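These notes are about the structure you will find just below.
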Number of protein chains: 2
Amino acid sequence: MPSTPSKAQLMELLAHSVSTHYADFTSAAADLSLTASQAKTLSVLRRAPASMRSLAHTLACDASNMTGIIDRLEKRDLVHREVSSTDRRVKNVALTETGEKAIDTIRERMEQTQTGLDKLSEEERTELFRLLTVVFPH
Amino acid sequence: MPSTPSKAQLMELLAHSVSTHYADFTSAAADLSLTASQAKTLSVLRRAPASMRSLAHTLACDASNMTGIIDRLEKRDLVHREVSSTDRRVKNVALTETGEKAIDTIRERMEQTQTGLDKLSEEERTELFRLLTVVFPH
DNA sequence: GCTCGATGCTTGAGAACATCAAACAATACG
DNA sequence: CGTATTGTTTGATGTTCTCAAGCATCGAGC
């Protein structure tokens with residue numbers, strides 16, 4: 001019977017978990033010749049198209065950064081820009097079909113994470129899902 | 001009554017959680033004028049000293065990368081190199097006291113994550129701790 | 001309509017980070 | 001020993017990052 005972990009312990013474990021997940025993600029992305037930043041961008045866009053600015057906010061980087069990243073993704077036809085119909089300053093970025101396949105493939109290839117999740121029962125997966133949703137809400 | 005999430009849904013949520021955590025971490029690190037890579041390195045070293053090679057492995061990057069990152073951290077006295085006593089090729093990197101304080105401060109300042117964890121009861125925190133340990137073992 | 005401040009994106013300069021190949025020293029092992 | 005292997009560094013090249021500046025567009029008010 002484990003005692004309650006301190007918040008610091010939980011932060012430490014979170015850091016470790018994130019770091020493991022990130023390493024897994026990065027090497028799966030590298031298999032597709034994608035950098036971590038490029039793949040992270042695809043991952044964010046998997047949920048929904050987004051403007052340059054909101055992408056930058058989600059990825060915690062400067063907006064000027066996104067220009068280059070999206071340029072390179074667009075050159076490979078993984079993503080496309082579209083001027084917003086309601087505000088001509090805004091450019092909405094969306095995944096192409098190829099881009100969608102790419103990020104799905106990356107997630108399928110994250111073996112460490114997949115193996116880890118396989119160790120959970122259905123109830124445990126449901127509970128993990130619930131807890132993560134509480135801690136990291138949309 | 002939530003149904004069991006599919007593995008893909010769980011991967012998606014994990015990606016979102018990691019991304020939120022990462023953004024939080026990056027901006028807390030920036031407050032201390034540390035880049036994400038530098039702070040991540042400190043985070044790994046918080047557990048235990050490590051050689052250049054094992055750092056590179058944990059951070060999923062080339063060993064030659066670490067040279068520059070550790071150089072810059074050492075210049076700011078957050079970390080120090082020490083030639084291994086058993087193998088003179090190996091350099092072990094360890095946090096200085098300043099470095100330890102830096103990473104602890106960063107974790108304390110991760111407001112989004114802290115706020116999220118505060119939403120959990122003690123039992124839930126214990127359970128999250130257990131589940132993460134299963135999915136991402138040491 | 002017009003001006004003016006704010007907003008969204010891009011560009012350019014300079015630092016950090018990433019990968020790869022190649023070098024070097026030290027070790028391991030036949 | 002001699003030879004292969006390992007751990008770290010260096011150098012070249014491309015990507016990412018931050019910051020300041022630029023341009024176009026929007027929105028609120030006159």
Side-chain angles (χ1 to χ4, degrees), chain A residues 19 22-45 49-76 78-94, chain B residues 19 22-45 49-76 78-94:
Chain A
S19 157
Y22 188 82
D24 205 10
F25 182 73
T26 303
S27 84
D31 287 349
L32 276 69
S33 306
L34 287 168
T35 68
S37 300
Q38 290 168 348
K40 261 194 298 189
T41 305
L42 296 183
S43 178
V44 171
L45 290 173
S51 67
M52 301 293 286
R53 168 151 296 281
S54 97
L55 272 179
H57 178 258
T58 305
L59 295 173
C61 69
D62 197 86
S64 65
N65 238 341
M66 295 313 307
T67 301
I69 295 175
I70 297 298
D71 279 352
R72 285 179 278 270
L73 288 175
E74 204 170 25
K75 205 173 292 177
R76 290 174 59 175
L78 295 165
V79 123
H80 66 92
R81 272 183 253 232
E82 200 169 277
V83 176
S84 161
S85 54
T86 60
D87 184 341
R88 274 181 313 183
R89 290 171 301 181
V90 174
K91 294 188 184 157
N92 288 313
V93 185
Chain B
S19 156
Y22 187 82
D24 205 10
F25 180 75
T26 302
S27 83
D31 288 348
L32 276 70
S33 305
L34 287 168
T35 67
S37 300
Q38 290 169 350
K40 261 193 299 187
T41 305
L42 296 183
S43 178
V44 171
L45 291 173
S51 68
M52 302 294 286
R53 169 152 294 280
S54 97
L55 272 178
H57 179 257
T58 306
L59 295 172
C61 70
D62 198 87
S64 65
N65 240 340
M66 294 314 306
T67 301
I69 295 175
I70 296 298
D71 279 352
R72 285 178 280 270
L73 288 175
E74 205 169 25
K75 205 174 291 177
R76 289 174 59 176
L78 295 164
V79 122
H80 66 92
R81 271 183 254 232
E82 200 169 276
V83 176
S84 162
S85 54
T86 59
D87 184 339
R88 274 181 312 185
R89 288 171 301 182
V90 174
K91 293 185 185 159
N92 287 313
V93 185

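Lettering follows sequence order; numbering is per chain, from 1. It should be emphasised that the depicted structure is a prediction, and the values quoted were computed from it without experimental measurement. Excluded from the calculations below are hydrogen atoms, water molecules and symmetry mates; all remaining heavy atoms, backbone and side chain alike, are included.
Between the CD1 atom of B:Ile69 and the P atom of C:dT19 there is a distance of 10 Å, rounded to whole Å. Atom CG in B:Leu55 sits roughly 16 Å away from atom C1' in C:dA18 (whole-Å rounding). Atoms CG (A:Asp62) and C1' (D:dT15) sit 15 Å apart, rounded to a whole Å.
Considering only side-chain N and O atoms, B:Lys91 lies under 4.0 angstrom from the phosphate OP1 or OP2 of D:dT9. Under 4.0 angstrom from either OP1 or OP2 of D:dG14 there lies no side-chain N or O belonging to A:Arg72. Proximity of B:Asn65 to the phosphate of C:dA18: a side-chain N or O atom is located under 4.0 Å from OP1 or OP2. Between A:Ser37 and D:dC17, a side-chain N or O to OP1/OP2 separation shorter than 4.0 Å is present.
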Can I get a per-line list of side-chain donor-acceptor pairs under 3.5 Å for residues 59-71 of chain B, giving both atom names and the distance, sequence neighbours left out?
residue : atom : partner : partner atom : Å
B:Asp62 : OD2  : B:Ser64 : N            : 3.0
B:Asp62 : OD2  : B:Ser64 : OG           : 2.8
B:Asp71 : OD1  : B:Arg81 : NH2          : 2.2

Where do B:Val93 and B:Leu73 land on the side chain to side chain contact (heavy atoms under 4.5 Å, CB included) test, with the steps shown first? CA-CA 10 Å; B:Val93 185; B:Leu73 288 175; over 6 Å; no

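For A:Ser64, counting side-chain heavy atoms from C-beta on, the closest listed nucleotide (C:dT19, C:dG12, D:dT15) is C:dG12.
For B:Gly68 and A:Val90, each mapped to the nucleotide of DNA chain C holding its nearest heavy atom, the one lying further toward the 5' end belongs to A:Val90. Between B:Asn92 and A:Gln38, the residue anchored nearer the 5' end of DNA chain D, judged by the nucleotide with its closest heavy atom, is B:Asn92. Nearer the 5' end of DNA chain D, as judged by each residue's closest nucleotide, is the contact made by B:Arg53, out of B:Arg53 and B:Thr26.
The nearest pair of heavy atoms linking B:Thr58 to A:Ala23 is O-CB, 3.9 Å. Between B:Ala36 and B:Phe25, the closest heavy-atom pair is O-CE2, 4.0 Å.
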Check nucleotides 24-30 of chain C for protein N or O atoms closer than 3.5 Å to its own N or O atoms and list the pairs.
residue : atom : partner : partner atom : Å
C:dT27  : OP1  : B:Arg88 : N            : 3.4

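A donor and an acceptor atom, one from each side chain of B:Ser37 and B:Thr35, are nowhere located under 3.5 Å apart.
Under the 3.5 Å distance criterion, the side-chain polar atoms of A:Thr26 are matched with a main-chain donor or acceptor of A:Tyr22.
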